[in-house]
Amino acid sequence: MDFLGSTTGTGMLAMLFSFSESILPPDSRSFLLKPLFLRWVSGFLHAVLLLVLFCSWVRKRIRGNGGYDVTESLKDKRDFGFKSALFCSLALSLLNLVLMSLSGFYWYESGWSDSDQLVSSLGFLLGMVSWGVLSICLHRCRDFEHKKAPFLLRLWLVFYLAVSCYSLVVDFVMYKRHDTVPVHLLVFDIVAFSAAVFLGYVAFLKKDRSNSNGVLEEPLLNGGDSRVGGGGAVELNKTNGSDEATPYSRAGILRLLTFSWMSPLIDLGNEKIIDLEDVPQLHDTDSVVGLAPKFRSMLEASDGGERSGVTTFKLIKALYFSAQWEILITAFFAFIYTVASYVGPALIDTFVQYLNGRRQYNHEGYVLVITFFVAKLVECLSQRHWFFRLQKVGIRMRSVLVAMIYEKGLTLSCQSKQGRTSGEIINFMTVDAERIGNFSWYMHDPWMVLLQVGLALWILYRNLGLAAIAALVATIIVMLVNFPFGKMQERFQEKLMEAKDSRMKSTSEILRNMRILKLQGWEMKFLSKIFDLRKSEEGWLKKYVYNSAVISFVFWGAPTLVSVSTFGACILLGIPLESGKILSALATFRILQEPIYNLPDTISMIVQTKVSLDRLASYLCLDNLQPDIVERLPKGSSDVAVEVVNSTLSWDVSSDNPTLKDINFKVFPGMKVAVCGTVGSGKSSLLSALLGEVPKISGSLKVCGTKAYVAQSPWIQSGKIEDNILFGKPMERERYDKVLEACSLSKDLEILSFGDQTVIGERGINLSGGQKQRIQIARALYQDADIYLFDDPFSAVDAHTGSHLFKEVLLGLLCSKSVIYVTHQVEFLPSADLILVMKDGSISQAGKYNDILNSGTDFMELIGAHQEALAVVGSVDASSVSENSALGKENGIVKDAIGLDGKQESQDLKNDKLDSGEPQRQLVQEEEREKGSVALDVYWKYITLAYGGALVPFILLGQILFQLLQIGSNYWMAWATPISEDVQAPVKLSTLMIVYVALAFGSSLCILVRATLLVTAGYKTATELFHKMHHCIFRSPMSFFDSTPSGRIMSRASTDQSSVDLELPYQFGSVAITVIQLIGIIGVMSQVSWLVFLVFIPVVTASIWYQRYYIAAARELSRLVGVCKAPLIQHFSETISGAITIRSFSQESRFRSDNMRLSDGYSRPKFYTAGAMEWLCFRLDMLSSLTFVFSLVLLVSIPTGVIDPSLAGLAVTYGLSLNTLQAWLIWTLCNLENKIISVERILQYASVPSEPPLVIESNRPAQSWPSRGEVEIRDLQVRYAPHMPLVLRGITCTFKGGLRTGIVGRTGSGKSTLIQTLFRIVEPTGGEIRIDGVNILTIGLHDLRLRLSIIPQDPTMFEGTVRSNLDPLEEYTDDQIWEALDKCQLGDEVRKKVQKLDSSVSENGENWSMGQRQLVCLGRVLLKRSKILVLDEATASVDTATDNLIQKTLREHFSDCTVITIAHRISSVIDSDMVLLLSNGIIEEYDTPVRLLEDKSSSFSKLVAEYTSRSSSSFE
């Protein structure tokens, strides 16, 4: 055979050798050409290398540098030469291992007599060890790539190159002489020579990039920049010990091999409940802080500078290169594992022949036992480290993807955001990134299938000859059958994810607006909307799981099909079937089962991952904000603070009608610019344009200096008030106190139990609207920016606070700053240096107050409306002198009766914290997590939820029958075939095959039944759990939503529900299947010898002890994973909603690092959960290997003839998978306990206490109730939670039917709480409320809420259409809806839109202005026409003219109704029949406005005087 092909150009070598032959004696020549000599030289050379490496290591130890620093490994290894040298060393080590095994095999074949093979084996052993050690040295030494190789190593490489070259020349000479050259040696010599050339190049020709002298000579120093990715990158987070070496990174080789570095944490888990602070930090190489910048640069590098956008391929490429080293190592382990797992099947035939008495040499049995054991040991070690490192890769991938998704969320343009709601984006993080991380388990499966099939065919070919081709064909057919199912699975998966996105989007929106839904009595309607969306999701889920069941059937039946085909082919080809060969084939099929069983999972996972990668790539491709919309200049570089020239901007670039047209104005440093105009005129859009949020069509915008922005809707982060104000800046107490004073926050903080350390609930849920707004203003002030943009911040606060803020903030602290403020309060306009009057998206007038007063109609309209409102106040004031109505007298008595006590009580409020004597607790508590083991009750509920558990016995029966039929078919084949050719077969070949096929067919049928029943039960259970949890959440009281961040609910509705939908049924199934298989194996092994039980029982006892010891820590780690996920989701969700504010303060990098910190916090328990799992599995593998080895020793020790060799062979065949199955059982049990936590968490929220009943059939009010609308309040006391102070402290008053009552008071005085109690959003602690004589506590909630109407403080619109927003319960006709729209001044606006009532409303109504949203809320109450109407600061977001229109509309249409108004504008309540003034939760005054104004000392009178003077003055 011509191994070397053409020999042209090799004349020089031939001449050289002929010269050497002529000068050397014949004996020497023949000896020098012997392979034995070459192996000796090679072995000696490798021994020298080992000696050099050992001496170098000892020298380091003596010098005190502690050897190689593990914490510095794997850092910055991007150099091509380094990577390749490392890979080359590993490859040579692996090749030496393979050749050593082969030489050992030949030596064994020769009866241990061939000394040449012994020398070869030793040579290859030395080669394997030395290259392996060199690989470890390279891996541990981070400076290698920056230096030349040390002198001794280079010298050794010269010798190695010479010997490799010599070996190749010898092969060439032998070939020329027509001597036989073993193929494997020729291949080895070629590879060795190529490797030597390459390593020589790396060692000698690579540039020296440092001054030190080499890896093996110099100590490794801990140095380098702690920053990642150069300028502007995030600093490594070194808090909480992350700069210390972690247990994993500082572990020695033995502790790493046995996972003993996990022992301290597992020991701790048995001593106490593990908390997050007990979990060690991640090493820098696994932390997202270091990984994210590298991943981003790889993603950008794969663009090739074209910026063509992220594609799925680029994403895969970047993910691969971000963890390529780990991926290559896991591939190496997977390869070793696969080869080792086939040693057993290859030796079974030899073992059966040995038991039959056919011995080849002495002690052959014990050699076989040792070989089996070593193979098991290698298999176990490689599998454990393969699995652990795969999980490491998964954690890395997930964390870098979360970082990229988060970063994209921060930079997404508003137009892109409209296409992707926050619920969808959160799904990318919670589901898609998680799934791509989980794909690491499956990444090597595709090529491993080919390797496993190849090895299986080789064993089959050795035993059964050409029949192996039948096995190959059958395997290929089975795999091809899967393609159509795989395609269907992909489509179902895509649709399932789309349906999940829609559901999560709606869930997110509903949770955000739950207060409104409960006030309106709409929550059950929106719950049915969620159920409808889930129904669509369930449709796809059903298809998905049943398709999985069919795939499961195909592949569980596949090994049976392969074996039937193979044995059938043997009979047709006349190949004799002997029991040894049959058992070897059956053992091979059993191992082949694994890749074939896993193939459907792998294909399904590839499909799911592909879908997720496509989704992420399309998301990462979305347009970012244009960076060039606003030209940002450094402070002092221009004499103009803000300059806008001929700018046209539009939220929708494709629209013919731009949002802002031809905008021109300049703002000089220190100027105050007021922006006013009617609702929807473009005021907020103008500020957004200056922030760079609105896409620019033409013109230029310049901003000089830093900016601070106060949004119209307050954006507050959950966390402490202090953190919200500081917003990333260091604490400067003096400035901080000044800011608090200017924003009137000092008194509010005194009242709060924890002052500025009070933890704010999600979206500021435990603060009033005014408090949220003032905290926002304080945040902006503390930043000390150059330019301030205020979007109508004074509308949410009362008149007194508004004027205080204007004086102290705009005219006080910000007197030297440039301020642009949007306002509807005309009284704040005269102070402005420039007023911009907006109309239809353009500036209709601009100038000072007096200059534009008479120059146009737009401004005059606003001023006229303001004068009209003042006139109302004036007229009431004037009439107060003469008016003395009976009503006034009556209410005067009320005032006298309660006034004194009320004032006394208000004085005491400051001491409330001291007097209450109650233990104070924050509103938002840490997320509850169960402690200890998961209750059996949880398992029982899960199992019995579907059809009362009726399907479970049938699922178990199906699996038991399958196992019995499988063992029966294998037993039949072992028994019915002869032990050797010279023995007569007990049955005919036709009978053999008929019985085997019948048993095989029966077992496949059992699998189909089992798979179908399992997915049916799983699907039903998932559906039941979903409905239970959602029904319970929607029926829970508002206090639950106030104290529960939506991230916790979202986490259960997405991740936990996903686990229940797709994973848990298979986890339960897996445990049952494995237990039944394990019992089957032990049954078969005990048939051979009951003595197996002597070792099996102690091993099982030890396994159970290990499992219990492990689970204490693992369970809590798994719970921590769940608990650490909610803050990550919540932070993400808050960031998305506050992205504009974050960008305006240029705080993106701080939020990114917060996200990375939370992401690492989530990765930590995941990493150590993986380590704990492998710690356990390694120990279990060792124990089960002992059982196997013990049974083998028993078999070889028993005299020949005592045991049927076929039966013994069958026992060994099954015993080969014993360790895998036993470890798999414990693994699935632990995994089940980890996954069942999802059910535990869902059940937690499926048992939240409900609100009182929606309808009480026995006590339903009359259809006409309330007919008068009289509200009677008696000694009302309210607190938000048992651990919180009273908010309303004993209120008694009556709102007469048909009268208008205004409620006023300072921010936080309890106005909104009173309204919430009226709607029973908050249940009273004491007292009662009666409406028309009916105690509202005795009737159903819907009977109450659907009879009352409210326009809430926060105007809310839902995603959908105009129609669905006005009439979600679908009770009214289009004519009635149009009539309501006309009455609330929105008719013309809606008619302009193409789709009229079906015009779309985006998430949160973001495509409508705040004022328009408020008018939609007015439209809702006009449709409902209730007898009692509540306005909770309903006109805060509209200009004075629109406010006047609303008041006029209400007077006109609700003249005979009881109207209760909470307002900050005195004009909104001054014409009320009665005024109630609250102060710190008690009534300070309650009378007619006239009587209160008469008493000049009354608080109301002072409030009106202040409002009037403020409104007619200019603050200058």
Side-chain angles (χ1 to χ4, degrees), residues 232 410 625 630 632-637 641-642 667 669-673 684 687-688 690-693 703-746 748-749 756 760 764 767 771-794 796-797 805-822 1131 1134-1135 1137-1154:
L410 267 179
L625 278 173
V630 176
R632 293 176 176 84
L633 306 170
K635 185 182 178 180
S637 60
V642 177
V667 179
M671 266 179 79
K672 307 287 174 282
V673 179
S684 297
L687 293 192
S688 296
L690 296 175
L691 292 170
E693 298 289 331
V703 173
C704 179
T706 55
K707 312 178 294 295
Y709 169 65
V710 178
Q712 191 170 14
S713 303
W715 177 73
I716 302 288
Q717 261 190 296
S718 49
K720 290 188 283 198
I721 291 174
E722 180 191 278
D723 295 339
N724 267 282
I725 295 171
L726 297 180
F727 208 56
K729 290 266 185 183
M731 167 63 87
E732 288 177 32
R733 182 52 67 181
E734 193 181 336
R735 174 148 62 114
Y736 182 75
D737 291 339
K738 268 189 193 171
V739 166
L740 289 183
E741 201 53 53
C743 296
S744 303
L745 279 169
S746 304
D748 294 87
L749 295 180
D756 64 358
I760 303 170
L767 299 174
Q771 286 168 329
K772 283 191 271 192
Q773 197 62 277
R774 284 180 287 131
I775 286 172
Q776 249 205 149
I777 295 168
R779 175 172 65 205
L781 287 182
Y782 193 80
Q783 295 299 305
D784 194 27
D786 305 315
I787 299 158
Y788 283 82
L789 306 175
F790 287 179
D791 194 353
D792 198 15
F794 310 116
V797 294
L805 285 172
F806 193 80
K807 279 181 192 164
E808 297 297 323
V809 175
L810 262 77
L811 307 178
L813 287 179
L814 300 182
C815 59
S816 61
K817 308 281 187 180
S818 309
V819 183
I820 301 175
Y821 60 98
V822 169
H1131 180 255
E1134 282 182 346
T1135 303
S1137 57
I1140 294 176
T1141 302
I1142 294 165
R1143 288 195 289 259
S1144 66
F1145 286 96
S1146 302
Q1147 290 275 348
E1148 295 97 323
S1149 65
R1150 180 170 72 86
F1151 274 78
R1152 271 189 214 112
S1153 61
D1154 279 353

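Since we're looking at a predicted model, the values are computed, not measured. Nothing fancy with the numbering, it's 1 onward along the sequence.
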- Heavy-atom side-chain contact between Val822 and Gln712 under 4.5 Å: no
- Message: When you compare the side chain of Val642 with that of Ile820, does any pair of heavy atoms fall below 4.5 Å?
- Response: yes
- Just jot down the side chain to side chain donor-acceptor pair (under 3.5 Å) partners of Asp1154, sequence neighbours excluded, or say none. none
- Item | Partner set under side chain to side chain donor-acceptor pair (under 3.5 Å) for Ser688, not counting sequence neighbours | none
- Task: Please assess Leu625 against Arg1143 for the test side chain to side chain contact (heavy atoms under 4.5 Å, CB included), listing each intermediate value before the final yes or no.
- Result: CA-CA 11 Å; Leu625 278 173; Arg1143 288 195 289 259; 3.1 Å; yes
- Output for pair (Ile777 CD1, Cys743 SG), nearest 0.5 Å, gives 6.0 Å
- Message: Please check: side-chain N/O of Gln1147 versus main-chain N/O of Phe727, any donor-acceptor pairing under 3.5 Å?
- Response: yes
- Task: Just jot down the salt bridge (charged side-chain N to carboxylate O under 4.0 Å, His left out) partners of Lys635, sequence neighbours excluded, or say none.
- Result: Asp786
- Message: Looking at Leu726, is its backbone amide N or carbonyl O close enough to the side chain of Gln783 to form a donor-acceptor pair, meaning the two atoms are under 3.5 Å apart?
- Response: yes
- Message: I'd like to know if the side chain of Trp715 and the backbone of Glu1134 have a donor-acceptor N/O pair within less than 3.5 Å.
- Response: yes
- Note on the structure: With sequence neighbours left out, the residues meeting side chain to side chain donor-acceptor pair (under 3.5 Å) with Asn724 are none
- Query: Can you tell me how far CD1 of Ile721 sits from CD1 of Ile775, rounded to the nearest 0.5 angstrom?
  - Reply: 4.5 Å
- Val739 and Leu813: which non-hydrogen atoms are nearest, and at how many Å? CA-CD1, 4.4 Å
- Item | Contact check, side chains of Leu687 and Phe790, non-hydrogen atoms, under 4.5 Å | no
- Could you go through the side chain to side chain contact (heavy atoms under 4.5 Å, CB included) check for Val630 and Leu690 one step at a time? CA-CA 7 Å; Val630 176; Leu690 296 175; 5.8 Å; no
- Query: What pair of heavy atoms forms the shortest contact from Pro714 to Lys772, and how long is it?
  - Reply: CB-CB, 3.8 Å
- Task: Enter the distance from Lys707:NZ to Leu789:CG here, rounded to the nearest 0.5 Å.
- Result: 8.0 Å
- Item | Test side chain to side chain donor-acceptor pair (under 3.5 Å) applied to Glu808 - qualifying residues, sequence neighbours left out | none
- Query: Rounded to the nearest 0.5 Å, how far does CD of Gln717 lie from OG1 of Thr1135?
  - Reply: 7.0 Å
- Query: Any sub-3.5 Å donor-acceptor pair from Lys672's side-chain atoms to Gly670's backbone N or O?
  - Reply: yes
- Message: With heavy-atom distances below 4.5 Å as the criterion, would you say the side chains of Leu781 and Arg735 are in contact?
- Response: no
- Note on the structure: On a heavy-atom basis, the closest approach of Ala742 and Leu805 is O-CD2, 3.6 Å
- Task: Quick one: list whatever passes ring-ring contact (aromatic ring centres under 6.0 Å, His included) with Tyr821, sequence neighbours left out.
- Result: Phe806
- Item | Shortest non-hydrogen contact from Arg779 toward Ile716 | NH1-CA, 4.5 Å
- Are Tyr788 and Val809 close enough that some pair of their side-chain heavy atoms sits under 4.5 Å apart? no
- Tell me, with the steps shown, if Phe1151 and Glu1148 meet side chain to side chain contact (heavy atoms under 4.5 Å, CB included). CA-CA 5 Å; Phe1151 274 78; Glu1148 295 97 323; 5.9 Å; no
- Query: Judged by atom type as modelled, is there a donor-acceptor pair below 3.5 Å linking the side chain of Tyr782 to the main-chain atoms of Leu740?
  - Reply: no
- Message: How close do Cys704 and Pro634 get, counting heavy atoms only, and between which atoms?
- Response: SG-O, 3.2 Å
- Message: Looking at every heavy atom in both Arg1150 and Gly728, which two are closest together, and how far apart are they?
- Response: NE-CA, 3.3 Å
- Worked check of side chain to side chain contact (heavy atoms under 4.5 Å, CB included) between Ile787 and Val667: CA-CA 10 Å; Ile787 299 158; Val667 179; over 6 Å; no
